[in-house]
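Numbers restart at 1 for each chain; the letters A, B, ... are given by sequence-line order, proteins then strands. Values below: every heavy atom of this structure, side chains too, minus hydrogens, waters and symmetry copies.
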2 protein chains.
Amino acid sequence: MPRAVRERQMMDAAVQTFGQRGYRAASMDEIAELAGVSKPLVYLYLNSKEELFTACIRREAGALVAAVRAGVEPGAPADRQLWDGLRAFFTHAAEHPDGWAVLHNQARTHGEPFAAEVARMRTEIVSFVTYLIGAAAREADCDSELAEREVGGLAHALVGAAESLAVWGNETPGVTAKETAATLMNFAWAGLENLMNGRRWAPPSSRG
Amino acid sequence: MPRAVRERQMMDAAVQTFGQRGYRAASMDEIAELAGVSKPLVYLYLNSKEELFTACIRREAGALVAAVRAGVEPGAPADRQLWDGLRAFFTHAAEHPDGWAVLHNQARTHGEPFAAEVARMRTEIVSFVTYLIGAAAREADCDSELAEREVGGLAHALVGAAESLAVWGNETPGVTAKETAATLMNFAWAGLENLMNGRRWAPPSSRG
């Protein structure tokens, strides 16, 4: 069997085990058995459980970012790009629940160097969303009204909302990725659209 | 010195140390020194570092939920309650950055039983937000249009967005709690308001 194929089998088994059983509870024996290889062979490819976990995080983070980017058509209207990107994100999280659990539950919860890997991916996604919101503001000719800082805040809000909804969607029976994406667009885009058109929600004291 | 006062000093020192240095790096020596007491005394009050950390999580979670509840005036219009609740949340997170770090960064990242403590608090906050969104829908006479499941999804989105924004606000120089709360209300409420009025964002394919 070619090395690449065998390595993928081991990584698949590792992601499944880490995602379902947790980093600490998962054993190399279990992963080797699930992959159908001997434990020494797993260690031959990757030197330690820590290295194997890091490799899983990198692979799953790369796959998630690639799925979001592939879902978006550059040059399309900004709300279309956001909708496509969100749908790609929720579809990927729903189809790869173990990968999503590795990134969202496991990688962030066992200290360094794992948390830094996920933080890097999150920064990349926040930058992409910041760019989309900025582009939407320019399309609506209101980029001067939305300060750069506010666009950054909105991107963080959207990414946090998406993460939280993906966990909820994977935990709630019968919720589809399309439904989760639509819920977030209803929540977020209609709000952003109002902002873009200068219709801002005002705190009670300034309503005159 | 009364026991309650001394215990509070120890807890304050523990929250500061855990929040700034992390659960693993923090030592009982350090906490005792910061509290101005002997290490045996710390162990006399709380048997282990694990118990001390659990006590910190409970105290900070209780304080955060209490701050949000105290900020909200029951019976006020729903958007007013949400605004007040969000402002109370961001103000508390900004004024207690170590407590927020304990809850958001530390407690969730060192496995059980700590993660379960924070999950309990999060469930309580999500329920409260679900109730507020449901109340808003009833006020707007559109509770039949918003399925219970969608209200749950919206509450998860709002809480996730708030968590993400609180981290961003605490990390970004010059951002005030009021500004963060306003960003989230612009993002969220205007969107919810559209939903309440039946103005839904539609995926591109169904725009006709």
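Interatomic distance, A/Leu184 CG to B/Leu154 CG, rounded to the nearest 0.5 Å: 9.0 Å. Atom CD of B/Glu150 sits about 4.5 Å away from atom OG1 of A/Thr183, to the nearest 0.5 Å. Rounded to the nearest 0.5 Å, atoms CD (B/Glu163) and NE2 (A/His156) are 13.5 Å apart.
Contact check for A/Trp168 versus B/Arg149: side-chain heavy atoms found under the 4.5 Å cut-off.
Around CD of A/Glu51, the count of heavy atoms belonging to other residues, nucleotides or ligands within 6.0 Å exceeds 12. Atom CD of A/Gln20 sits in a crowded spot, with more than 12 heavy atoms from other residues, nucleotides or ligands closer than 6.0 Å.
The two residues B/Ser164 and A/Gly160 make their nearest non-hydrogen contact at CB-CA, 3.5 Å.
With chain B as partner, the option from A/Ala162, A/Gly152, A/Ala157, A/Ala155 having the largest number of non-hydrogen pairs under 4.5 angstrom is A/Ala157. Ranked by heavy-atom pairs under 4.5 Å with chain B, the list A/Asn105, A/Leu165, A/Val126 is led by A/Leu165. Between chain A and the residues B/Gly22, B/Ala181, B/Gly174, the most heavy-atom pairs under 4.5 angstrom are made by B/Gly174.
Contact of A/Val167 with chain B is not made at all, since no heavy-atom distance falls under 4.5 Å.
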